[in-house]
Amino acid sequence: MFNLRKSMALTLPLGEASDQDKWDNGGLERKRQLLIEIVLRSRLTALMVDGDTTCWVLKQELLRSYGVQTLGVDNGRDAIDLIASDAAFNLIIIEKILPVLNGLEVTRQICEIGMRCKMLAVTAYSGESERQAFLATSVDVFIEKPLDLEHLVPILRELDRQ
Amino acid sequence: MESKHVNQQIAAMRQSFFDEEVLDEFFSQLEQLEDQNNPNFVEEVFTMYFRDSTTLLETVEQAMKTISITLAKMDKILHQLKGSSASVGANKVLNEINKTRQVLEKGNLEGTKAGIWEMRKKYGSLKAKLEPYFQLKQANSVPQEK
């Protein structure tokens, strides 16, 4: 059996990252050479909301490879509770099909709470109506799974500049 | 020399996955997330993927035996399967899922059952190809005694 890693880090410091902090270990240096290379000056934080373990782990690892601190929840209710408890994120990535509350409803409630951050809908895509429904809820970007570097890197650069 | 031969074998197996369109470029993205601190990341992800997909397929197959299953509920499961398959680069599986969803959209339950059966075959084929590949990679990564 293999060890399946899930990040449940709850400390989400924001602000400037030191040179040491930017790269957790030498492994990230190798990743930087292979992935699209960017250097983030700030420590960004992201909340992932996805009920599927495989997708969750992949997105987490991709974000962490760029030094983004991630927190994940696997249902809509936990996402709302987290936001309502004043947890702050630079980025929220949300899937449509979720246990308890679906992604569209979660997005609406996050907006009602008044949370302001970049929101990406990253879903398996069920048609144009799904895209339109998400964009109508104030999601900034709609991406058909999987989350790819061509979409992610410009978003991280933009957040880093803010 | 032996290690070089095994490396060539691994590379050839990997290339065949792309040539046969069993996997797409997102598998490469996955591989880029693997490093010396996490050398088995790709294999771990596929272990999760096959485990969870098997459960979902069994759920939808069981559900199709009941009268109460709704097309919406089945589509939810297929949506989830589509997301994970796209995320690991499982190209042929993904194509089969998309075909099955189109059939389901038209309300064709028998056609959907046939589609799910095809999906099962594609999963099985993918697993059969990847398992020896990962085993060879693992065996080759074990330091050889001098």
Side-chain angles (χ1 to χ4, degrees), chain A residues 1-7 23-37 48 50-66 74 93-99 102-103 121-127 129-130 143-153, chain B residues 23-56 71-91 93-94 97-98 100-102 104-105 123 131 134-135 137-138:
Chain A
M1 298 301 287
F2 304 98
N3 292 321
L4 303 175
R5 299 179 303 119
K6 285 191 178 183
S7 166
W23 310 112
D24 291 333
N25 52 50
L28 280 170
E29 190 62 35
R30 177 172 170 272
K31 285 175 192 167
R32 187 174 66 166
Q33 293 162 12
L34 295 171
L35 298 171
I36 296 173
E37 187 172 327
M48 292 181 310
D50 197 323
D52 184 87
T53 310
T54 305
C55 297
W56 197 99
V57 167
L58 285 172
K59 281 184 286 196
Q60 175 188 265
E61 194 61 27
L62 186 61
L63 287 164
R64 287 171 83 191
S65 73
Y66 285 106
D74 63 5
I93 299 175
I94 189 155
E95 156 65 74
K96 178 191 164 193
I97 303 290
L98 294 169
N102 72 51
V122 180
T123 98
Y125 190 63
S126 298
S129 59
E130 180 183 332
I143 299 168
E144 182 177 351
K145 272 181 180 172
L147 178 60
D148 60 310
L149 301 177
E150 282 68 35
H151 279 103
L152 179 64
V153 168
Chain B
L23 296 173
D24 63 27
E25 69 273 18
F26 289 106
F27 180 78
S28 300
Q29 185 169 288
L30 224 75
E31 289 177 310
Q32 291 179 24
L33 296 172
E34 209 168 64
D35 63 14
Q36 61 199 23
N37 294 312
N38 194 9
N40 300 316
F41 177 70
V42 177
E43 191 175 0
E44 288 178 17
V45 167
F46 270 92
T47 300
M48 260 187 283
Y49 168 66
F50 285 128
R51 181 199 65 209
D52 292 347
S53 300
T54 301
T55 304
L56 284 172
L71 296 180
K73 190 171 178 183
M74 285 176 59
D75 192 61
K76 255 189 177 181
I77 296 173
L78 291 179
H79 177 106
Q80 199 168 338
L81 284 166
K82 180 186 172 183
S84 55
S85 300
S87 297
V88 301
N91 186 52
V93 174
L94 180 63
I97 293 168
N98 284 332
T100 306
R101 284 185 95 189
Q102 284 169 5
L104 180 66
E105 255 173 57
Y123 273 111
E131 275 178 350
F134 289 133
Q135 280 165 9
K137 275 189 76 182
Q138 275 230 20

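Both backbone and side-chain heavy atoms feed into the values below; hydrogens, waters and symmetry mates do not. All chains are named by letter (A, B, ...) in the order of the sequence lines, taking the proteins before the strands, and each is independently numbered beginning at 1. Bear in mind the structure is a predicted one, so any value in this text is a computation, not a measurement.
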TODO: Begin with the C-alpha distance, continue with both residues' side-chain angles, and end with the deciding distance and a verdict on side-chain contact (heavy atoms from CB on, under 4.5 Å) for B/Lys76 and A/Lys96.
DONE: CA-CA 10 Å; B/Lys76 255 189 177 181; A/Lys96 178 191 164 193; over 6 Å; no
Task: Test item: B/Glu34 and A/Glu61 side chains (from C-beta on) under 4.5 Å apart, heavy atoms - done: no
Task: Inter-residue atom distance B/Ser84.OG - A/Leu58.CG, 0.5 Å rounding - done: 9.5 Å
Task: Leading residue by heavy atom contact count with chain A [cutoff under 4.5 Å; candidates B/Phe26, B/Tyr49, B/Phe46] - done: B/Phe26
- [ ] With a 4.5 angstrom heavy-atom cut-off, could you sort out which part of B/Leu30 is near chain A: side chain, backbone, both or neither?
- [x] side chain
TODO: Any chance you could lay out the side-chain contact (heavy atoms from CB on, under 4.5 Å) test for A/Val57 and B/Phe41, step after step, and finish with the verdict?
DONE: CA-CA 10 Å; A/Val57 167; B/Phe41 177 70; 3.9 Å; yes
Task: Among the listed options B/Lys82, B/Glu25, B/Glu105, B/His79, the residue most often paired with chain A at heavy-atom distances under 4.5 Å - done: B/His79
TODO: Write down the atom of B/Ser87, the atom of A/Pro146, and the distance for their closest heavy-atom approach.
DONE: CA-CB, 3.6 Å
Open item on the list: Out of A/Asp50, A/Thr54, A/Val122, return the one with the most heavy atom pairs under 4.5 angstrom to chain B.
Closed with: A/Thr54
- [ ] Heavy-atom distances under 4.5 Å only: say whether A/Asp148 touches chain B with side chain, backbone, both or neither.
- [x] both
TODO: Could you grab the distance from atom OG of A/Ser65 to atom CD of B/Gln32, nearest 0.5 Å is fine?
DONE: 9.0 Å
Task: Expected output: side-chain A/Lys145 to main-chain B/Ala86 donor-acceptor under 3.5 Å - done: no
- [ ] Using atom types as modelled and distance alone, determine if a side-chain donor or acceptor of B/Gln29 lies under 3.5 Å from a backbone N or O of A/Leu147.
- [x] yes
